Number of protein chains: 2
Amino acid sequence: MKKTSLSDIAKHLGVSKTLVSFVLNGKGKEFRISDEICKKVLEVAKELNYQPNRIAQGLRTGKTNTIGLIIADIANPFFGILGREIEQEAARFGYRVIFCSSDENPEKSKQQIAMLQQSQVDGYIISPPKKSEDQIRSLVKSHIPLVLIDRYFPEIECNHISVDNFDAAYKATNHLIALGHKKIANITVNLDLVNMIERTEGYKKALLDASLPVDESLIKELPFSHDNKDVARAIKELVGKPGNKKVDAILFATSKLGINGIESITAMGLKIPDDIAVVSFDNPDAYKICISPVTVVNQPLKEIGKTAVQVIINELKHPDNIHKIQKITLKTDLIIRKSCGS
Amino acid sequence: MKKTSLSDIAKHLGVSKTLVSFVLNGKGKEFRISDEICKKVLEVAKELNYQPNRIAQGLRTGKTNTIGLIIADIANPFFGILGREIEQEAARFGYRVIFCSSDENPEKSKQQIAMLQQSQVDGYIISPPKKSEDQIRSLVKSHIPLVLIDRYFPEIECNHISVDNFDAAYKATNHLIALGHKKIANITVNLDLVNMIERTEGYKKALLDASLPVDESLIKELPFSHDNKDVARAIKELVGKPGNKKVDAILFATSKLGINGIESITAMGLKIPDDIAVVSFDNPDAYKICISPVTVVNQPLKEIGKTAVQVIINELKHPDNIHKIQKITLKTDLIIRKSCGS
DNA sequence: CAAATTCACTAAATCGATTTAGTAAAAAAC
DNA sequence: GTTTTTTACTAAATCGATTTAGTGAATTTG
C-alpha cells in the first residue's frame, strides 16, 4: 500500500500531472482548468488520500518549510518553554522545526549547523555557544534567514533577540540593596557571552550606585556543566565560617544555579531569607513551591520565541528586500516573592 | 555563493557525477575507481565545501534520516528530558528529530502525523493522546517503524515502551500506608489512557490490600489543561473543614498536579507532611527544594527515550525481517524524601 | 592472436513534485 | 472566411542526488 503520488491521480483521471499540480495548489482558476475537472481532481485526491511529498516539493522549489533550532538543552525548562513557543508559532505559518541541543559546545553546534544546512532548512534560530562566532559568520554569509536568541555576538551584524540583562541584574541587585542587604554575592556561569557578562555588569553597577564595594571574591563563575557539588562548593566559600558571615545575599544568574544553590543552602542548615537572601534569573516552577518562594527575574520567553519565528518568516516572505537587521531587546520583570526578606 | 552540488565537483574534475557519488559514498573501492581520482574528488569536495543535499538524497533513496516525535508538550520537563534523550540517541545514528507538541489533543496529533508523513520521516515515536487510536492504527498499517511511549492502546498491536504504572502507584500508596496514613486521596488527570488508569488501579489495590476503604470521592480527576485554581479547588474539596480533616495524604499522578497542589496546600496554611503527606509521580527539580522535599515515583526517562530510538533504528536496519512487536515495560523507583513523614 | 575478462569509468533513468513553453480546438474579431 | 485570441489543457525540463546498465580500452587467457 504505497503512497499516492501526483501521477497516480493524473493516471486515474487520464489527465496530465501538470493539471493535477495546478489544481491541488489552488491555481485552477489562474490556469483556467475547468471547474468540472477541478472538482474531480480534488475528489480523487481525497479518495486516494493523497499526501504531497514535501521532500520532492522541497527539491524542486528549494523550500523545505523547515526551521532549524539550536539551543543549549531542550531538557532545561528555560529552553523547553522557548522551544515550545517556537514550535507553535512556526506551525501557525506551516513550518516544522528540527530541534538540536548543543550543550553550549561549539563542536556540537558546528555539526548541527552542517546537518541543518544539508537538510536545506529555510531558516535558523540559534542560541549560539561561545566560540561559535565563525559558524555564525559563515551562516550570515549564506544569506539564509537567521536569528540569534538569548545571546549574540556584538561584533557580528545579525538579527538577534534578547533581554536587557544589564537592566535585569541591576534591578534585581537593587532590590536586595533596598531591603538592606550589603554583602551581595553573584553566582554565574562562565559562558563568556554577552548575556552573562551583562548580568554581572548590572550587578556591579547597582553596587557602585549604592556606594557598596565590588568584591571580586564574591563573584563565582562556574562552568556550564556544573552539578550540585560545584554550586555547593561555591556557596561554602561564599558563606565562610558560621558566625562570621561573609555574605548576606546571592544573585543567581540562572535557575539551574539557583535550584542547586538553594538545595545547598538548605542542606547547610541556613534559612532563606533570614540567614541569606536569594534572587535568581528565570522563573521555573520550582521557585513557586520553594522553602521560601524565590524572587526572580522573569524573562518574556513566549515573546522571544514568537518574535524569533516572525523575524524568520518575514525574511522568507520578502526575499528580495534587503532586510534591516533586527536587534531586539526585551524587558524583564522582577517577580517579588519571599526569598529576599522584607 | 550558492551551494556546491555533485555536478559541480564532477565538472570541476571533468569526470561523471556517478563517479563522484561513488567516491563520496565510500564506494570507490567497490566500483574500482582509481586511488588517484578518489583522492582528487575528496580534495575538491573539501575545497568547495561540498554538503550533500539530503533532500535530493531523500527523494532518490526514500530515506530521510529523520524521526518524527509527538509528545504532549516539550515545555513540560518530563517530555523535555525524554525529548532530549531521543534527540541524542537519534543523533548517534545520524538521525534528526522533528518535534511536535500535541497538547494531548487528537486533532493536533492527527495534523502532526499527516505533516510527518508528508515529510517522509523514517520512523515515529509517539506519546498518543486519547482518541487517537485510529491515527495509530493507520500508521501501523503503513509499515513505517513506530513506537509508542509513556502510554499505548492495549487493543493495538504496536511497539510500545512504558513503565509499570500499576506497580509504581501501588508502591507509592503502600509507602503512605506504611507510614500510618489512612485517608489517602488520589489526584489524577482524565487522560483516559492506560498509564493513568493503571496508576489509579495500583492506588486502589494498595488500599484494598491494606483493608482500607476505597472512597471514590477521594479520587479527583482533573482535565489535562488544568491550572492552579482547578487543583486548589480539588484540594479544598478533599481537605474539607479545618479540624475535620477528610484526608491525611495525597498521591499526585503527575508533577504538574503535584507542583500546583503543593502550592495550594501551602497557601492554605497546611504543613507537609504534618498536616498532609504527599507523594507524586515524576521527579522535577522543584521537588528537591520544596518546602518539604517530595517523595516521588521516578521514571527511567533516559532509558525510555534511548530504547525508543533503538527500536526504530533496529527496524530500519533490518527492513526485511518481520519484526517481533516490542512491548517493553520498565520499572520505576520510589525516591523517599520528607513529604510523607516518618 | 582472437576471445574473454578486467578495469575504470559514463550515460541515462529515477525519485515526485513544479513550472515554462507550447499546442490543438473553439470562439471572437475583422 | 481567414486571422487572432482565448480556452483548456500537456510535454518536457528541472531540482540533486543514486543506481543500473553499459562502454571502450587494457589486460589476461587459451
Side-chain angles (χ1 to χ4, degrees), chain A residues 2-42 44-45 48-66 94 115 117-122, chain B residues 2-42 44-45 48-66 94 115 117-122:
Chain A
K2 55 178 166 321
K3 291 172 187 167
T4 306
S5 74
L6 265 193
S7 322
D8 294 332
I9 301 179
K11 272 180 209 150
H12 204 268
L13 281 167
V15 299
S16 71
K17 52 183 186 160
T18 307
L19 185 151
V20 177
S21 173
F22 286 157
V23 172
L24 293 179
N25 286 310
K27 295 181 180 165
K29 280 276 169 297
E30 184 183 339
F31 288 92
R32 42 191 180 211
I33 309 301
S34 69
D35 291 353
E36 192 192 3
I37 298 262
C38 278
K39 223 183 86 195
K40 276 190 192 160
V41 168
L42 294 171
V44 173
L48 300 183
N49 186 31
Y50 171 69
Q51 305 273 60
N53 183 326
R54 304 280 177 205
I55 293 296
Q57 247 175 9
L59 179 58
R60 176 62 229 234
T61 63
K63 292 287 150 212
T64 53
N65 282 262
T66 304
M115 180 272 273
Q117 283 179 313
Q118 296 174 3
S119 302
Q120 316 295 122
V121 297
D122 295 337
Chain B
K2 54 179 168 312
K3 291 170 187 168
T4 306
S5 74
L6 264 194
S7 321
D8 293 332
I9 301 179
K11 274 179 207 150
H12 204 267
L13 281 168
V15 299
S16 72
K17 51 184 188 161
T18 307
L19 184 151
V20 178
S21 172
F22 285 157
V23 173
L24 294 179
N25 286 312
K27 296 181 180 164
K29 279 276 168 301
E30 183 182 340
F31 289 93
R32 42 188 182 211
I33 309 301
S34 67
D35 290 354
E36 191 192 3
I37 297 264
C38 277
K39 224 183 85 195
K40 277 191 190 163
V41 167
L42 293 171
V44 173
L48 300 182
N49 187 30
Y50 172 69
Q51 306 272 58
N53 183 327
R54 304 280 177 205
I55 293 296
Q57 246 175 9
L59 179 60
R60 177 61 230 234
T61 62
K63 292 286 151 213
T64 54
N65 282 261
T66 304
M115 181 271 275
Q117 283 179 313
Q118 296 174 3
S119 301
Q120 317 294 124
V121 297
D122 295 338

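Small disclaimer: the values here were computed from a predicted structure and weren't measured.
Within the 3.5 Å criterion, the main-chain N or O of B:Val121 finds no donor-acceptor partner in the side chain of B:Ser119. Within the 3.5 Å criterion, the main-chain N or O of A:Thr64 finds a donor-acceptor partner in the side chain of A:Thr66.
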Q. Could you walk me through whether A:Asp8 and A:Lys17 pass the salt bridge (charged side-chain N to carboxylate O under 4.0 Å, His left out) check?
A. CA-CA 9 Å; A:Asp8 294 332; A:Lys17 52 183 186 160; over 6 Å; no

(Q) Please determine whether side chain to side chain contact (heavy atoms under 4.5 Å, CB included) holds for the pair A:Lys29 and A:Asp35, giving the CA-CA distance in whole Å, both sets of side-chain angles, and the decisive distance to 0.1 Å. (A) CA-CA 8 Å; A:Lys29 280 276 169 297; A:Asp35 291 353; 3.2 Å; yes

Q: Take B:Leu13 and B:Leu19 through the side chain to side chain contact (heavy atoms under 4.5 Å, CB included) test and state the conclusion after the steps.
A: CA-CA 11 Å; B:Leu13 281 168; B:Leu19 184 151; over 6 Å; no

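Nucleic acid contact for A:Ser5: sugar-phosphate only, since backbone atoms but no base atoms lie under 4.0 Å from a heavy atom of the residue. Residue contacts for B:Thr61: at a heavy-atom cut-off of 4.0 Å it reaches the sugar-phosphate backbone alone, with no base atom in range. Looking at heavy-atom distances under 4.0 Å, A:Ile55 makes no contact with the nucleic acid at all.
Terminal axes of the helix from C:dC1-D:dG30 to C:dC30-D:dG1 (five pairs each, C1' rotation axis) are separated by 60°, to the nearest 10°.
Nearest heavy-atom pair across B:Ser21 and B:Leu6 is CB-CD1, 3.8 Å. Between A:Asp122 and A:Lys63, the shortest heavy-atom contact is OD1-CA, 3.6 Å. The two residues A:Tyr50 and A:Thr4 make their nearest non-hydrogen contact at CD1-O, 3.3 Å. When all heavy atoms of A:Lys3 and B:Gln120 are compared, the pair lying nearest together is NZ-NE2, 3.3 Å.
Chain B approaches DNA chain C over the interval C:dC7 to C:dG16, counting the first and last nucleotide 5' to 3' with an atom under 4.0 Å from its heavy atoms.
B:Val44 has its side chain out of reach of B:Val20: every pair of non-hydrogen atoms, C-beta onward, lies at least 4.5 Å apart.
Using a 4.0 Å cutoff on non-hydrogen atoms, the parts of residues 25-35 of chain B near DNA chain D are B:Asn25, B:Lys27, ordered by number.
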